[in-house]
Amino acid sequence: MDIRINEVKGVLKKYGQEHLLNHYETLDEEHQKELLDQIEKIDFDLVKRLYEDTKKESKYGQDKITPIEYLDKYKLYDDYKHYENIGKKAIKEGKLAAVTMAGGQGTRLGHNGPKGTYDIGLESHKSLFELLCDGLKEEGKKYDVTIPWFIMTSRENNKATIEFFEKHKYFGYQKDRNIFFFIQGELPMIDTEGKILIGEDGLIKQAADGHGGIYESLVKSGMTAKMKQMGIEWVFIGGVDNCLVKMVDPVLMGIAIDKGVTVACKSVVKANPQEKVGVFCKRNGKPNVIEYSEITEEMAEARDAEGELLYGESHILCNLFSVSAIERMGAEPLPYHVAYKKASYMDRDGKLIVPDSPNAYKFEAFLFDAFGEVDEMAVLRVKREEEFAPVKNADTVGVDCPKTARQLYKKFHNLD
Ligand code: UTP
């Protein structure tokens with residue numbers, strides 16, 4: 001143990017993070033070991049670089065942004081059936097799996113527990129997880145297959161998520177046969193001086209590394225290998241908080257296969273040019289998403305000859321990938337975006353500090369930053385009222401909240 005501690009101390013000294021062992025002696029043996037394990041796993045050069053990046057201006061300033069082509073699902077005419085038939089065949093052959101990203105903290109919603117366990121207030125009181133599972137079961141029936149379901153959790157909510165599934169008997173899905181859980185990566189949180197925070201348990205304060213962590217986690221957890229063993233070639237990746245998400249879509253899949261692209265994404269047209277959503281674009285010639293904060297008013301208003309917004313296709317976290325594209329994306333590190341958040345921590349004297357304003361940096365990768373890995377991808381515009389009812393905020397906010405999601409869900413399923 002002494003040798004190990006000394007080695008750890010040496011690393012901490014090199015990076016100015018010696019305080020991480022301040023409370024080491026007060027921990028029991030198990031936690032001491034856990035803390036050392038955590039420290040040994042930290043990429044201190046990365047943490048140092050991320051801290052330095054917090055002081056830089058946005059690196060996007062010089063990027064060349066241009067519009068991206070898209071197809072409208074309801075203007076495909078004769079091609080609709082053609083794509084649909086190709087997709088149906090692949091689904092029947094068991095080539096499609098679904099992945100739900102459920103590792104987020106859901107801070108805006110403010111629900112105590114994993115977001116997927118949230119009851120949006122339907123008469124059935126079904127949770128988001130159950131609504132998603134209902135969709136998979138219904139689609140699976142159409143093609144006489146069970147769509148394998150992979151669920152990404154975070155270290156923070158993994159236990160609670162699995163307990164919830166246990167309690168609800170996996171909604172009729174079978175654990176380890178057609179439902180699989182895997183845990184996403186995490187990164188330490190740091191203060192404004194670049195010091196890594198210690199949480200109230202005396203361990204490193206870590207936070208999930210964003211939905212962009214999906215590719216690496218799928219590969220590292222062995223899920224892509226499992227998919228290949230199961231004969232899966234295509235993976236739909238979506239969020240846990242869209243209760244109308246259509247994870248099994250033969251038209252989207254048929255387009256990807258027919259056009260020979262390895263990524264195909266769904267979009268909905270912006271409700272108005274000022275809507276605060278990220279939109280599909282090309283960045284330096286490669287597919288990407290531009291955030292609302294990055295887009296100029298002129299770009300947001302610009303229209304093509306048919307009167308359609310040039311940057312009007314919102315990214316709704318409904319994306320289809322080939323397994324090989326996921327593997328390639330998982331091998332390349334993504335940039336991290338910084339968020340300034342409130343985070344409680346233990347100070348040098350062992351006192352718990354609960355801040356009432358942001359005090360710490362959290363780093364997150366975004367799923368769409370990997371899109372540039374491919375030269376071309378397909379974007380398919382679908383109807384908002386059919387496929388997009390997100391639960392982001394509490395009802396008091398009034399948009400993208402349980403109330404709006406419930407209304408959209410009921411309308412689509414004729415429940416009124
Ligand atoms: P959001 O960006 O809306 O984040 O995630 P969130 O955690 O749900 O909510 P806020 O921002 O804290 O209020 C979109 C989707 O990506 C997943 C979420 O679970 C959601 O399905 N996600 C996000 C992860 O799986 N891991 C992450 O680290 C972040």
Side-chain angles (χ1 to χ4, degrees), residues 98-118 120 127-129 131-133 135 149-158 160-162 164 180-189 205-218 220-221 223 235-247 265-266 276-278 289 291-293 314-319 321 326 330 334-343 358 360-370 387-397 399-402 404-405:
V99 172
T100 294
M101 298 184 296
Q105 289 181 307
T107 32
R108 284 169 289 172
L109 178 63
H111 166 57
N112 186 18
K115 210 189 219 183
T117 65
Y118 189 74
I120 65 164
S127 61
L128 283 166
F129 277 134
L131 297 177
L132 263 52
C133 193
W149 193 17
F150 294 77
I151 298 174
M152 180 170 85
T153 64
S154 63
R155 187 183 47 86
E156 229 175 311
N157 73 15
N158 182 63
T161 304
I162 293 178
F164 188 79
F180 310 92
F181 297 93
F182 62 103
I183 303 178
Q184 74 173 105
E186 48 187 10
L187 281 168
M189 292 185 78
K205 182 112 186 164
Q206 313 240 36
D209 61 0
H211 46 58
I214 182 84
Y215 310 104
E216 196 185 353
S217 317
L218 274 170
K220 277 198 177 157
S221 62
M223 293 299 143
V235 182
F236 179 90
I237 301 183
V240 73
D241 50 12
N242 173 9
C243 63
L244 280 184
V245 63
K246 191 169 163 54
M247 299 193 265
C265 306
K266 296 196 197 189
K276 290 186 171 174
V277 288
V289 166
E291 298 269 37
Y292 66 84
S293 50
S314 321
H315 174 244
I316 53 169
L317 270 184
C318 288
N319 305 315
F321 300 84
I326 293 175
L334 291 182
Y336 287 104
H337 301 252
V338 62
Y340 196 40
K341 299 252 177 184
K342 274 194 275 184
Y361 296 119
K362 176 177 188 249
F363 301 98
E364 286 189 321
F366 294 163
L367 172 131
F368 49 75
D369 278 329
E387 305 206 22
F388 191 50
V391 184
K392 296 284 180 197
N393 307 305
D395 272 339
T396 44
V397 177
V399 286
D400 296 344
C401 59
T404 52

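Computed from a predicted structure; not experimentally measured. Position 1 is the first residue of the sequence, and the numbers go up from there. Just follow the structure's listing: the first ligand is 1, and inside any ligand the first atom is 1.
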Which residue and heavy atom of the protein sit nearest atom 12 (O) of ligand 1, plus the separation: T107 OG1, 2.5 Å
Donor-acceptor contact below 3.5 Å, side chain N158 vs main chain R155: no
Nearest non-hydrogen protein atom, atom 23 (C) of ligand 1: G104 CA, 3.7 Å
Protein contact to atom 8 (O) of ligand 1 [nearest heavy atom, distance to 0.1 Å]: K115 NZ, 2.9 Å
Enumerated ligand 1 atoms positioned under 4.0 Å from heavy atoms of A208: 28 (O)
Nitrogen or oxygen of M152 less than 3.5 angstrom from that of ligand 1: no
Close-contact set for ligand 1 against G239 heavy atoms, below 4.0 Å: 21 (O)
Student check: side-chain heavy atoms of L109 and D241 closer than 4.5 Å: no
Residue G103 vicinity, atoms of ligand 1 by number, heavy atom under 4.0 Å: 19 (O), 24 (C), 25 (O), 26 (N)
Of the listed options V240, I214, L317, closest to atom 15 (C) of ligand 1 (non-hydrogen atoms): L317
Side chain proximity check, L218 to F182, heavy atoms < 4.5 angstrom: yes
Protein contact to atom 6 (P) of ligand 1 [nearest heavy atom, distance to 0.1 Å]: G106 N, 3.6 Å
Aromatic plane relationship, F366 with H211 - under 30° parallel, 30 to 60° tilted, over 60° perpendicular: tilted
Any donor-acceptor N/O pair, D395 side chain to C401 backbone, under 3.5 Å: no
Gap between atom NZ of K115 and atom CD of Q105 - 0.5 Å precision: 11.0 Å
Backbone of G210 reached by a side-chain donor or acceptor of Q184 within 3.5 Å: yes
Proximal ligand 1 atoms for A102, defined as those under 4.0 Å from one of its heavy atoms: 19 (O), 25 (O)
Any side-chain heavy-atom pair of W149 and L132 under 4.5 Å: yes
Atom 5 (O) of ligand 1: the protein heavy-atom neighbour that sits closest, reported with distance to 0.1 Å: K392 NZ, 4.0 Å
Geometric class of the H111/Y118 ring pair [parallel <30°, tilted 30-60°, perpendicular >60°]: perpendicular
N/O separation below 3.5 Å, D209 to ligand 1: no
Best match, Q184, M101, H211, K362: closest heavy atom to atom 26 (N) of ligand 1: Q184
Nearest non-hydrogen protein atom, atom 11 (O) of ligand 1: R108 NH2, 3.0 Å
